[in-house]
Trainee: 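Structure provided below as structure tokens; questions to follow.
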Amino acid sequence: MSTARYRFRNWAKTYGCEVAACHQVRGEEEIVELVRGARRRGVRLKPVGGGHSWSDIALTDGELVRLDGHDQVLAVDRERCQVTVQAGIRLRQLNALLPEHGLGLSNLGSIAEQSIAGATATGTHGTGIRFGNLATQVVAMRLVTGAGEVRELSAEQDPELFSAARVGLGALGIVSSVTLQCEPAFRLEERAFALPLERALAEMDALVEEHEHVKFWWMPHTDSVQVFTCRRTDAPLRRRAVRRWLDHSPVTRSLFAGLLRLSRLAPGAIPTLNRVINVAYFRPGQRIDRSDRVFNTIMPPVHRETEYGIPRSQAAAALAQLRELIERHRLHVNFFVELRFVAGDDILMSPCYGRPSCLIGAYMYPSRSLETYFQEFERLMVELEGRPHWGKEFSIDAATLRRLCPGCDRFAEIRRRLDPDGVFENDFVRRVFAAASPAVAEAAGG
């Protein structure tokens, strides 16, 4: 089904575009037909899933392809612990389905509103230094290229293309289906506790090594870090109903949103408001629950995010320098800083390519200090050899990206080969690959 003149905005309302047409596809045959037709017409296409990126990755000056209806489970192999799904399935749908088959994903990010294709294409991740980002759990995929050809990809079948396509930025084609490596369903015991900031910095490396999953939340202008650790357990479920209701109730979320709105109106009050939030929300606790319920958190109020993957060894220093940066520039920051840890991988455009990484996120509800905060944060991340999360805001130029991302040139070559007519090109792709090497430009005909 196609709709004329469609206005798209991402979840964070940071970017939007108006397109001549929006196509709702169901089934791989429809995707192939649409791509071939767009190529004949000289029209650009851009696939979009949940629209949950903070960056402009899903924008286009051509036509949008919505995958919401392309969301079926195609196969479940319980013996191999694998599931094959159409690319538009949302993570929340997948999380509900897998336990019915006695399966679970080894790691997940905090939010479950993304499509599986969008989450993997942008390098979405959870935390746990022995676990890769979500794309590393993809063991096979079907990709419709810019020529309208269907390519079956796996580590055994065209491994280099598979490496590129798992974090494909929507630039190589439209992912039709993915096969995910799961494992038998499991439970997690989560512990939440606070540490003084200096102690958290001193013990960070040990905590990361000691626990399967660990993340740190620091509320700027406070001297406390909330630590979340997880370990697998066979113990029975343990959820305190009242506490769970408080954490997920509309009243609680509305109160947090109200405090954020107040911080915008009175930025000078942010340090005080942050201390209130720290006391009200960052509380000690313990629970045992199904793995996806522990990995995922409730949807926060609409805000802005930038995030970079730095060498894991730089994590504590980065947080200490970020605190100093906020103080030096007298910034008022009204949202927490998050540190998560991800194993290295061999995926060309992954922020964790070739190295274990700390993904450090700077989040902000719109307020007076936001632009300076994000600019200075990016400057610090680049100094630490950071690479951007493709689904979050970033503003560094293509030459810097090429220096920081060693797989960039090779990915650009593959992109030109799979999409020689630029069917899937947009401003985001042009910006990221503008500094491709002369060999890449020559291969592309320019």
Side-chain angles (χ1 to χ4, degrees), residues 9-16 52-55 110-111 113 192 194-197 200-201 215-228 246-285 297-308 318-340 359-381 389 391-395:
R9 293 188 77 188
N10 63 352
W11 173 82
K13 298 180 175 58
T14 48
Y15 288 99
H52 220 279
S53 291
W54 280 260
S55 71
S110 300
I111 304 301
E113 294 303 313
L195 289 177
L197 178 56
L201 294 175
K215 64 183 177 183
F216 301 84
W217 286 2
W218 172 60
M219 203 69 183
H221 314 296
T222 74
D223 191 36
S224 177
V225 173
Q226 184 81 347
V227 183
F228 300 86
L246 284 170
D247 287 344
H248 289 76
S249 74
V251 173
T252 302
R253 282 176 282 174
S254 296
L255 178 60
F256 185 34
L259 290 172
L260 290 173
R261 285 193 293 271
L262 180 58
S263 75
R264 184 175 188 173
L265 296 172
I270 285 176
T272 300
L273 292 172
N274 283 7
R275 289 190 285 272
V276 171
I277 292 171
N278 212 52
V279 171
Y281 291 93
F282 293 0
R283 295 166 292 181
T297 60
I298 61 170
M299 287 289 294
V302 173
H303 60 283
R304 291 172 60 178
E305 293 194 5
T306 181
E307 185 175 18
Y308 276 73
L319 184 56
Q321 290 178 56
L322 183 58
R323 176 184 58 173
E324 193 275 332
L325 180 156
I326 290 170
E327 293 173 352
R328 184 172 72 252
H329 291 276
R330 298 181 180 180
L331 303 175
H332 293 119
V333 179
N334 58 17
F335 221 103
F336 61 82
V337 174
E338 182 174 41
L339 282 77
R340 291 176 286 176
L359 276 292
I360 179 167
Y363 311 150
M364 186 80 158
Y365 187 80
S367 190
R368 189 178 302 167
S369 293
L370 189 148
E371 298 302 332
T372 302
Y373 178 44
F374 277 18
Q375 289 169 8
E376 294 302 320
F377 174 81
E378 278 200 304
R379 186 174 293 116
L380 173 60
M381 293 299 103
H389 184 311
K392 309 292 178 74
E393 296 184 51
F394 65 93
S395 61

Trainee: As an exercise, state the distance from CZ of R9 to OG1 of T14, rounded to the nearest 0.5 Å.
Mentor: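 If I round to the nearest 0.5 Å, the distance is 8.5 Å.
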Trainee: List the residues meeting side-chain hydrogen bond (donor to acceptor under 3.5 Å, both in side chains) with E113, not counting sequence neighbours, and say none if there are none.
Mentor: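 Only R92 meet the side-chain hydrogen bond (donor to acceptor under 3.5 Å, both in side chains) criterion with E113.
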Trainee: Hey, does L195 have a side-chain heavy atom less than 4.5 Å from the side chain of F216?
Mentor: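 The answer is no, as the side chains (C-beta and beyond) never meet within the 4.5 Å cut-off.
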Trainee: For the residue pair T297 and I111, establish whether any side-chain heavy-atom pair is separated by less than 4.5 Å.
Mentor: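 Answer yes - side chains close enough.
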Trainee: Can you tell if the side chain of H329 reaches within under 4.5 Å of the side chain of Y373, non-hydrogen atoms only?
Mentor: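 No; the side chains remain at least 4.5 Å from each other.
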Trainee: Which pair of non-hydrogen atoms, one from S263 and one from I270, has the smallest distance, and what is that distance?
Mentor: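 Shortest heavy-atom contact: CB-CG1, 3.5 Å.
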Trainee: Any side-chain heavy atom of L325 within less than 4.5 Å of one from L331?
Mentor: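 Yes, close enough: below the 4.5 Å cut-off.
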Trainee: Answer yes or no: is there a side-chain heavy-atom contact under 4.5 Å between S369 and M364?
Mentor: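 Yes, side chains in contact.
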Trainee: Which heavy atom of F336 sits nearest to which heavy atom of P220, and what is that distance?
Mentor: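 So the minimum-distance heavy-atom pair works out to CA-CD, 4.1 Å.
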Trainee: Looking at N10 and S53, what are the two nearest heavy atoms and their distance?
Mentor: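 So the two residues come closest at ND2-O, 2.8 Å.
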Trainee: Pick out which of L370, L259, N334 makes a side chain to side chain contact (heavy atoms under 4.5 Å, CB included) with Y365.
Mentor: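 Single pass found, and it is N334.
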Trainee: Is a side-chain N or O of R330 found less than 3.5 angstrom from the main chain of E327, in a donor-acceptor match?
Mentor: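 Pair absent, no side-chain N/O of R330 close to backbone of E327.
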Trainee: Hey, does the side chain of N278 reach the backbone of F282 with a donor-acceptor pair shorter than 3.5 angstrom?
Mentor: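 The answer is no, because no donor-acceptor pair under 3.5 Å joins these two groups.
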Trainee: Side chain to side chain donor-acceptor pair (under 3.5 Å): which pairs involve residues 218-227, sequence neighbours left out?
Mentor: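 Not a single pair qualifies under side chain to side chain donor-acceptor pair (under 3.5 Å).
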Trainee: Return the set of residues passing side-chain hydrogen bond (donor to acceptor under 3.5 Å, both in side chains) with Y308 (not counting sequence neighbours), or none when no residue passes.
Mentor: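 Checked Y308 against side-chain hydrogen bond (donor to acceptor under 3.5 Å, both in side chains); matches are E378.
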Trainee: Go through I277 and M219 one step at a time and tell me if the side-chain contact (heavy atoms from CB on, under 4.5 Å) criterion holds.
Mentor: CA-CA 8 Å; I277 292 171; M219 203 69 183; 4.0 Å; yes
Trainee: How long is the span from the CD atom in E305 to the NE2 atom in H389, to the nearest 0.5 Å?
Mentor: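 E305 CD to H389 NE2: 8.5 Å, rounded to 0.5 Å.
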Trainee: Over all heavy atoms of both residues, which pair between W54 and K392 is shortest? Give the atoms and the distance, please.
Mentor: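 Minimum heavy-atom contact is CE3-CD, 3.6 Å.
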Trainee: Assess whether side-chain contact (heavy atoms from CB on, under 4.5 Å) is satisfied between L197 and L319, documenting all intermediate values.
Mentor: CA-CA 10 Å; L197 178 56; L319 184 56; 4.1 Å; yes
Trainee: Between K215 and S110, which heavy-atom pair has the shortest distance, and what is it?
Mentor: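 Shortest heavy-atom contact: NZ-OG, 4.2 Å.
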Trainee: Given 3.5 Å as the limit, does a donor-acceptor pair link the side chain of T306 with the main chain of E393, or not?
Mentor: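 Yes; judged by distance alone, with no hydrogens or angles, the pair exists.
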Trainee: Check whether any side-chain heavy atom of H332 sits under 4.5 Å from a side-chain heavy atom of P271, and report yes or no.
Mentor: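 The answer is yes; the side chains approach within 4.5 Å.
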Trainee: Which pair of heavy atoms, one from A318 and one from L380, lies closest together, and at what distance?
Mentor: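 Smallest heavy-atom distance, with atoms named: O-CD2, 4.0 Å.
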Trainee: Are R304 and F374 close enough that some pair of their side-chain heavy atoms sits under 4.5 Å apart?
Mentor: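 R304 reaches F374 side chain to side chain.
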